Chemist: 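Please see the structure below; I have some questions.
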Number of protein chains: 2
Amino acid sequence: MKKFPPTGSCPVRDVLSRIGDKWSMLVLLTLHANGTMRFNEIHRSLEDISHRMLTVTLRMLEADGLIAREVFAEVPPRVEYSLTERGSSLLPHIFGLVEWAQANKASIFEERARH
Amino acid sequence: MKKFPPTGSCPVRDVLSRIGDKWSMLVLLTLHANGTMRFNEIHRSLEDISHRMLTVTLRMLEADGLIAREVFAEVPPRVEYSLTERGSSLLPHIFGLVEWAQANKASIFEERARH
DNA sequence: CGGTATCCTTTGAGATACTG
DNA sequence: CAGTATCTCAAAGGATACCG
């Protein structure tokens with residue numbers, strides 16, 4: 001029988017658990033859709049993310065090398081975020097999920113209603 | 001600017017948040033790898049999932065029509081789980097993510113170490 | 001503007017015990 | 001064997017206030 005070891009010993013589970021959090025995919029999607037964006041642009045694009053969680057999520061994505069952060073020494077300050085190569089390489093797979101969800105959402109909601 | 005509306009109004013976010021939880025993908029993966037499985041087989045396959053969370057996850061996947069649950073009226077009881085058509089149709093996209101994670105895990109861990 | 005820091009609430013999830 | 005119920009705790013995440 002094929003087994004799936006605990007998170008601590010499985011790098012794949014580790015990596016996927018990071019992008020599988022509440023906000024990471026959405027940040028990646030909006031950066032892909034809109035190109036380089038400033039902090040508050042991303043904030044407005046996602047609407048219901050809190051200030052704090054946007055910072056946390058951006059830091060995570062940056063630490064994993066999925067997005068790039070560029071600070072401009074201006075007043076008022078300007079910080080721009082964009083997808084890295086690695087971040088871009090992940091996006092087709094996210095789109096795969098999104099398209100599947102779009103194609104299946106109707107029947108899934110029907111199914112739930114029966115339960 | 002392209003926007004990404006809140007979960008309550010976005011069916012895609014809703015659907016993806018269900019399979020993006022801690023265990024759903026792993027259950028789907030093990031059912032795909034091993035075919036029809038009993039409750040305790042899945043439990044052993046995942047190793048670190050709790051009894052309770054396995055039940056909860058299975059109920060969710062069943063409610064969304066991604067897995068099928070068949071109860072046999074025997075003593076001791078036997079319950080078998082298997083992927084549905086819809087569940088199977090999701091798997092290629094999960095594999096896309098897994099392969100991406102496998103290909104990128106090494107450089108991601110390096111990147112994290114620098115931060 | 002783009003953050004940090006703090007506090008507080010909500011959710012996720014494990015442990016344990018009990019049941020048909 | 002395959003659950004359900006309860007209890008508990010840790011982690012995620014929101015609100016708010018303050019800072020360079």
Side-chain angles (χ1 to χ4, degrees), chain A residues 1 4-8 10 13-14 16-27 30-31 34 36-64 67-82 115, chain B residues 1 4-8 10 13-14 16-27 30-31 34 36-64 67-82 115:
Chain A
M1 180 173 71
F4 295 82
T7 318
C10 179
R13 273 169 78 168
D14 180 294
L16 290 187
S17 75
R18 295 273 282 245
I19 63 155
D21 70 354
K22 190 168 179 181
W23 300 109
S24 292
M25 282 200 195
L26 287 165
V27 169
T30 196
L31 284 176
N34 299 303
T36 297
M37 295 174 83
R38 300 178 61 166
F39 184 89
N40 277 332
E41 286 181 316
I42 305 178
H43 201 179
R44 280 190 297 277
S45 160
L46 269 39
E47 295 187 355
D48 62 338
I49 190 173
S50 71
H51 195 137
R52 182 180 165 279
M53 284 315 295
L54 180 53
T55 321
V56 171
T57 304
L58 289 169
R59 292 288 172 281
M60 286 289 202
L61 293 173
E62 192 195 358
D64 281 12
I67 64 173
R69 178 174 183 268
E70 189 175 7
V71 184
F72 296 85
E74 303 175 356
V75 179
R78 180 162 56 109
V79 181
E80 290 186 345
Y81 295 92
S82 56
H115 279 263
Chain B
M1 178 174 71
F4 295 83
T7 318
C10 179
R13 272 169 77 170
D14 180 294
L16 290 187
S17 74
R18 295 272 282 245
I19 63 156
D21 70 355
K22 189 168 179 182
W23 300 109
S24 291
M25 281 200 196
L26 287 165
V27 169
T30 196
L31 284 177
N34 299 302
T36 297
M37 296 174 82
R38 300 179 60 168
F39 184 90
N40 277 333
E41 286 182 317
I42 305 178
H43 201 179
R44 280 191 297 276
S45 162
L46 268 40
E47 294 186 356
D48 62 339
I49 191 174
S50 70
H51 195 137
R52 180 181 166 279
M53 284 315 294
L54 180 53
T55 321
V56 171
T57 304
L58 289 170
R59 292 289 172 281
M60 285 290 200
L61 293 173
E62 193 195 358
D64 281 11
I67 63 173
R69 177 173 183 269
E70 189 174 9
V71 185
F72 296 85
E74 304 174 356
V75 179
R78 179 162 56 107
V79 181
E80 290 187 346
Y81 294 91
S82 57
H115 280 264

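All figures in this text were calculated on a predicted structure; none of them were measured in a lab. Chain letters run A, B, ... following the sequence lines, proteins first, then strands; residues in each count from 1.
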Chemist: Give the angle between the helix axes at the two ends of the helix from C:dC1-D:dG20 to C:dG20-D:dC1, taking five base pairs at each end and rounding to 10°.
Modeler: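 Here the local axes at opposite ends form an angle of 40°.
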Chemist: Suppose we screen for salt bridge (Lys or Arg N to Asp or Glu O under 4.0 Å). Which residues come up paired with A:R78, at least two apart in sequence or across chains?
Modeler: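 Partners of A:R78 under the salt bridge (Lys or Arg N to Asp or Glu O under 4.0 Å) test: A:E74, A:E80.
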Chemist: Within residues 41-50 of chain A, which residues have any heavy atom lying less than 4.0 Å from an atom of DNA chain D?
Modeler: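 Heavy-atom contacts with DNA chain D come from A:S50.
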Chemist: Does anything in residues 16-26 of chain A come within less than 4.0 Å of DNA chain C? Heavy atoms only, and list the residues if so.
Modeler: none
Chemist: To the nearest Å, give me how far apart CE (B:M60) and P (C:dA13) are.
Modeler: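 It is 10 Å, rounded to the nearest whole Å.
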Chemist: Considering only residues two or more places apart or on different chains, which pairs with a residue in residues 46-58 of chain A satisfy side chain to side chain donor-acceptor pair (under 3.5 Å)?
Modeler: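 Output for this query lists A:D48-B:R13.
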Chemist: For residues B:L61 and B:L31, determine if any side-chain heavy atom of one lies less than 4.5 Å from a side-chain heavy atom of the other.
Modeler: no
Chemist: Quick one: closest heavy-atom pair of A:E41 and A:T36, and the distance?
Modeler: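 Distance-wise, the nearest heavy atoms are OE1-O, 4.3 Å.
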Chemist: Contact boundaries of DNA chain D with chain B (under 4.0 Å, heavy atoms), 5' to 3'?
Modeler: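 Extent of the interface on DNA chain D: D:dC1 to D:dT6.
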Chemist: What residues, two or more places apart in sequence or in another chain, satisfy side chain to side chain donor-acceptor pair (under 3.5 Å) together with A:N40?
Modeler: none
Chemist: Test side chain to side chain contact (heavy atoms under 4.5 Å, CB included) on A:R59 and B:H115; report intermediate values, then the result.
Modeler: CA-CA 10 Å; A:R59 292 288 172 281; B:H115 280 264; over 6 Å; no
Chemist: Tabulate atom names and distances for all N/O pairs under 3.5 angstrom spanning the protein and nucleotides 3-7 of chain C.
Modeler:
unit_1, atom_1, unit_2, atom_2, d
C:dG3, OP1, A:R59, NH2, 3.1
C:dG3, OP1, A:R69, NE, 3.4
C:dG3, OP1, A:R69, NH2, 2.3
C:dG3, OP2, A:Y81, OH, 2.5
C:dG3, N7, A:H51, NE2, 2.4
C:dT4, OP1, A:R59, NE, 3.4
C:dT4, OP1, A:R59, NH2, 3.3

Chemist: Taking atom CE as the centre, does A:M60 end up with more than 12 heavy-atom neighbours from other residues, nucleotides or ligands that are less than 6.0 angstrom away?
Modeler: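 Result for CE/A:M60: open.
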Chemist: Please name all residues satisfying side chain to side chain contact (heavy atoms under 4.5 Å, CB included) with A:V75, sequence neighbours left out, ordered by chain then number.
Modeler: none
Chemist: Does anything in residues 16-25 of chain B pair up under salt bridge (Lys or Arg N to Asp or Glu O under 4.0 Å), and if so which pairs, sequence neighbours excluded?
Modeler: B:R18-B:D64
Chemist: For B:E70, give me all partners under salt bridge (Lys or Arg N to Asp or Glu O under 4.0 Å), at least two apart in sequence or on another chain.
Modeler: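 In terms of salt bridge (Lys or Arg N to Asp or Glu O under 4.0 Å), with neighbours along the sequence ignored, B:E70 is linked to no residue.
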Chemist: Could you work out, with side chain to side chain donor-acceptor pair (under 3.5 Å) as the rule, every residue matching B:S45, not counting sequence neighbours?
Modeler: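 Residues passing side chain to side chain donor-acceptor pair (under 3.5 Å) with B:S45: B:T30.
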Chemist: What is the distance, rounded to the nearest whole Å, between atom CG of B:L54 and atom P of C:dG14?
Modeler: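 Those two atoms, CG and P, are 11 Å apart.
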